[in-house]
Amino acid sequence: MLLHTIAEVREQIKEWKKEGLTIGLVPTMGALHNGHKSLIDKSVAKCDRTVVSVFVNPIQFCPGEDLDKYPRTLDTDEKLCSDAGVDIVFAPSPNEMYGEGHILSNDFLTYVIPPFFYTDKLCGKSRVGHFDGVCTVVNKLFNIVQPDFAFFGKKDMQQLIILKKMVKDLNIPVEIIPCPIVREDSGLALSSRNKYLSENGKKEALVLSRILLNIKSCYNKGITDVKALSETSYSFLNENHSLEYLEFRDKDTLEEKSIADDDTIVFIALRVENVRLIDNIELKG
Ligand code: PAF
C-alpha cells in the first residue's frame with residue numbers, strides 16, 4: 001500500500017497496534033537496490049508488519065550536494081517493496097514532512113542534534129549539519145510509524161552509530177537492527193550513488209574495498225600499529241582517486257585509535273569521477 005500522508009500512516013499503525021502486531025521500519029531515500037532489499041527482507045522475516053519510508057530528506061543535504069539530482073524512482077521502489085512483502089510504502093512530500101513551504105532553517109524547525117563529538121569527524125567533517133538532518137528525520141519517522149524494530153545498513157556506519165546513540169540518549173522505544181553491507185561480486189559496496197559512476201569509474205571504485213580488505217588481512221597477520229596499517233594502502237591509490245579520509249575508530253564511541261584492536265572499525269571515503277563514496281570494515285572476526 002502506497003501512502004503519502006502522515007495521517008493515513010497513523011491510522012493504519014493504530015489498527016496494527018490494537019491487534020498487537022510488531023512493526024518494522026526500513027527508512028530509505030528510495031532508489032532501492034539489493035542493499036535496501038536485504039534490510040526489507042530482514043524486517044519482513046522478523047516483524048508482523050513492515051513499513052518502508054521513501055523520502056529524499058532535504059535537510060540532510062548540504063549546499064552544493066546532489067539533492068536535486070538524487071535518483072527518484074518511486075514506481076520501481078514500490079514494485080520492489082510489494083514483491084518483498086512490504087505492507088506500507090510511506091512516500092511523503094517535503095511539505096508533508098516539514099510543513100507548507102517547508103522552511104528548513106534551524107530558526108523555524110525543531111532539530112534533533114547529536115553530540116558534536118560524533119559529528120565533527122569522518123563524513124560529518126565535510127558534510128556539516130548532515131547528521132542533524134538525519135537524526136531529525138529519523139526521529140520524525142519513529143514518531144509517525146512507532147516501530148518496534150528499525151533496520152539500518154552498516155554501509156553508513158557513522159550514521160548507524162549516531163542513531164544508536166540518539167535512541168539510547170532519548171529513550172526512544174525502538175530496537176535498532178544493524179544489517180551487513182551488501183556488495184557486488186567485485187567487492188563494491190552497493191549504494192544509490194553508484195548510479196553516477198561510469199563503467200570505468202565502477203572499476204576504479206573497487207579501491208575502497210581493496211584497501212579495507214588489505215588492512216584487515218594485515219591486522220589478522222598481527223600488525224596493529226595504525227600508522228603502519230594506513231601506509232599499506234597508499235600503493236592502491238592512483239590519480240583517479242581523491243582520498244578524503246582513512247581512519248581507525250572505536251565501534252561505539254568513534255574515538256580515534258592509534259593501535260587497532262577488535263573494537264576498531266576502519267572508515268574510508270574517497271572520490272572517483274567526483275562521486276563521493278564511503279565504505280568501512282570491522283576488524284573483528
Ligand atoms: O541512510 C539513508 O538512506 C538516510 O540517511 C535515512 C536514514 C533514510 C534518513 O533520511
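Order of listing sets the numbers, starting from 1, for every ligand and every atom in it. The first residue in the sequence is number 1, and the count goes up from there.
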**Complete:** Among non-hydrogen protein atoms, atom 4 (C) of ligand 1 lies closest to Gln60 NE2, 3.6 Å

**Prompt:** Among all protein non-hydrogen atoms, which one is nearest to atom 7 (C) of ligand 1, and what is the separation to 0.1 Å?
**Reply:** Gln159 NE2, 3.5 Å

**Asked** Is the closest basic N to carboxylate O distance between Glu282 and Lys154 below 4.0 Å?
**Response** yes

**Item:** Glu244 and Lys125 ion-paired at < 4.0 Å
**Value:** no

**Prompt:** Which ligand 1 atoms does Val137 reach within 4.0 Å, using its non-hydrogen atoms?
**Reply:** 9 (C), 10 (O)

**Message:** Applying side chain to side chain contact (heavy atoms under 4.5 Å, CB included) to Phe248 and Glu256, what does each step give before you reach the verdict?
**Reply:** CA-CA 6 Å; Phe248 293 64; Glu256 194 151 25; 5.9 Å; no

**Request:** For Asp156, counting its heavy atoms only, list the atoms of ligand 1 lying under 4.0 Å from any of them.
**Result:** 1 (O)

**Message:** Quick check on contacts: which atoms of ligand 1 are under 4.0 angstrom from a heavy atom of Pro27?
**Reply:** 8 (C)

**Request:** Please determine if Glu231 and Lys227 form a salt bridge, counting it only when a charged side-chain N lies under 4.0 Å from a carboxylate O.
**Result:** yes

**Asked** At a 4.0 Å threshold, what atoms of ligand 1 neighbour a non-hydrogen atom of Thr28?
**Response** 8 (C)

**Asked** Salt bridge or not for Arg193 and Asp66, using N-O below 4.0 Å?
**Response** yes

